[in-house]
Amino acid sequence: MIAAAGVASADVTVGGYGFLGVNFDGSANTTTVAHATRLTFSGSVETDSGISFTASSRITISDNNDNGQLGHNKITMSSGGLTLAVGATHGAMKTTARIATFHGFNDGGLYYTAGGSGVDNNISTHNDSGNNVLISYAAGDFKVAASADVAGTTQEIAASYTFNSFTIAAGVDSSAGTRWMLGAKYNGGNWNVGLGTNSNSDIVLTAGYDISDATSIGFGVDAASGGTINAVGLQVKHDLGGANLVGAVGQVGGNNTVASLGVIFSF
């Protein structure tokens, strides 16, 4: 197909982010400095017939470590509403039916400071640190997706539909016991809410509001079956014009307070 179509254009980009700040972990009563840099490399071509091909990889260097390596490799092909991705893909359930919120200057790592699982209804085994095949098709407000790990061990299917700024989504996999995810979210322009659940009986609620063009607040809570709070938190983010100042406070595991304050910027 490539030989027949020919290459019409090519593009290579390098981007990423950097962050710097402090994290407080109540379980150890410690405050630590955290910083990291991520570089993302991508190259793309488009054939004369309009088919796009993209290759991407990234490297993350945290806290001055010198052992960062290129990884999360992915090849993507797309034409019209059809997309095929192979490699570090999130899989069908995670890309379609996920309801999550990420707080903290450190690329959303607030809830993970003390080993928490975050505010997230995702239970898919297909993620961007794995090696998967994902195919999706979008037609207007409807999207359907299917994925499998390259070994063919598990398969997933998912679908979503958007109407009047409201999106509903569902996904299921082929594992023993069958994992599933449900999600619903509403985008009201300067505010949004999300509600998700899964076969583990987790309930996830997220909300966000833009106070002004520069300042926003976000809230999230993840409750397990029986009412145990896995994670809950609040974030305030302010755009400094080229970088974001982010402050967040939360609780993981029902009783451990975590907090963070720092700056993150993209390039």
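Each residue takes its place number in the sequence, starting with 1.
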Give me the atom names and distance for the closest heavy-atom approach of [X] to [Y].
| X | Y | result |
| --- | --- | --- |
| Y112 | G116 | CD2-O, 3.2 Å |
| T96 | A158 | CB-CB, 3.7 Å |
| S147 | L134 | CB-CD1, 3.9 Å |
| A97 | A169 | CA-CB, 3.8 Å |
| T101 | G220 | CG2-CA, 3.8 Å |
| A114 | V258 | CB-CG1, 4.1 Å |

Going only through I, L, V, M, F, W and Y residues with side-chain contacts under 4.5 Å, is there a path from [X] to [Y]?
| X | Y | value |
| --- | --- | --- |
| L82 | V45 | yes |
| L205 | L234 | yes |
| Y111 | I229 | no |
| F53 | L84 | yes |

Any side-chain heavy-atom pair of [X] and [Y] under 4.5 Å:
| X | Y | answer |
| --- | --- | --- |
| D107 | R38 | yes |
| L195 | I203 | yes |
| T167 | Y161 | no |
| V150 | N132 | no |
| N29 | F24 | yes |
| M77 | T83 | no |
| I135 | Y137 | no |

Atom [atom1] of [X] and atom [atom2] of [Y]: how far apart are they, to the nearest 0.5 Å?
| X | Y | atom1 | atom2 | answer |
| --- | --- | --- | --- | --- |
| S124 | M93 | OG | CE | 5.0 Å |
| S79 | I51 | OG | CD1 | 5.0 Å |
| H90 | N127 | NE2 | CG | 7.5 Å |
| N131 | N73 | CG | CG | 9.0 Å |
| N23 | L110 | CG | CG | 7.5 Å |
| Y186 | S165 | OH | OG | 5.0 Å |

Quick one: list whatever passes salt bridge (Lys or Arg N to Asp or Glu O under 4.0 Å) with D128, sequence neighbours left out. R58

Excluding sequence neighbours, so at least two apart, what forms salt bridge (Lys or Arg N to Asp or Glu O under 4.0 Å) with D202? none

Side-chain H-bond candidate by donor/acceptor type, [X] with [Y], under 3.5 Å:
| X | Y | result |
| --- | --- | --- |
| S49 | T47 | yes |
| T13 | S42 | yes |
| S225 | S201 | no |

Test side chain to side chain contact (heavy atoms under 4.5 Å, CB included) applied to T32 and T113, step by step: CA-CA 10 Å; T32 56; T113 302; over 6 Å; no

Judged by atom type as modelled, is there a donor-acceptor pair below 3.5 Å linking the side chain of T95 to the main-chain atoms of A92? yes

Which residue, N122, N121, D120, forms the side chain to side chain donor-acceptor pair (under 3.5 Å) with R98? D120

List the steps, then state whether side chain to side chain contact (heavy atoms under 4.5 Å, CB included) holds for I123 with M181. CA-CA 8 Å; I123 54 173; M181 293 164 51; 3.9 Å; yes

Could you walk me through whether T125 and T153 satisfy the side chain to side chain contact (heavy atoms under 4.5 Å, CB included) test, starting with their C-alpha distance in whole Å, then the side-chain angles of each, then the deciding distance to 0.1 Å, before giving a yes or no? CA-CA 10 Å; T125 59; T153 305; over 6 Å; no

Partner of F219 under side chain to side chain contact (heavy atoms under 4.5 Å, CB included), picked from T206, V232, V193, is V232

Hydrophobic cluster (4.5 angstrom, side-chain heavy atoms) - remaining members for [X]:
| X | answer |
| --- | --- |
| I59 | V14, L39, F41, I61, L70, F265, F267 |
| V246 | Y17, F19, F105, I264 |
| V172 | I157, W180, L182 |

side-chain contact (heavy atoms from CB on, under 4.5 Å) against D63, all qualifying residues, sequence neighbours excluded: A34, H35

Which pairs pass salt bridge (Lys or Arg N to Asp or Glu O under 4.0 Å) with one or both residues in [range], sequence neighbours excluded?
| range | answer |
| --- | --- |
| residues 209-230 | none |
| residues 233-255 | none |
| residues 161-180 | D173-R179 |
| residues 142-158 | none |

Applying ring-ring contact (aromatic ring centres under 6.0 Å, His included), name anything that partners F166, two or more places apart in sequence or on another chain. F163

For H126, all residues meeting ring-ring contact (aromatic ring centres under 6.0 Å, His included), sequence neighbours excluded: none

What do you reckon, is CG of N65 surrounded by more than 12 foreign heavy atoms closer than 6.0 Å? yes

Test D25 against N256 for side chain to side chain contact (heavy atoms under 4.5 Å, CB included), laying out the working first. CA-CA 8 Å; D25 183 349; N256 181 33; 3.3 Å; yes

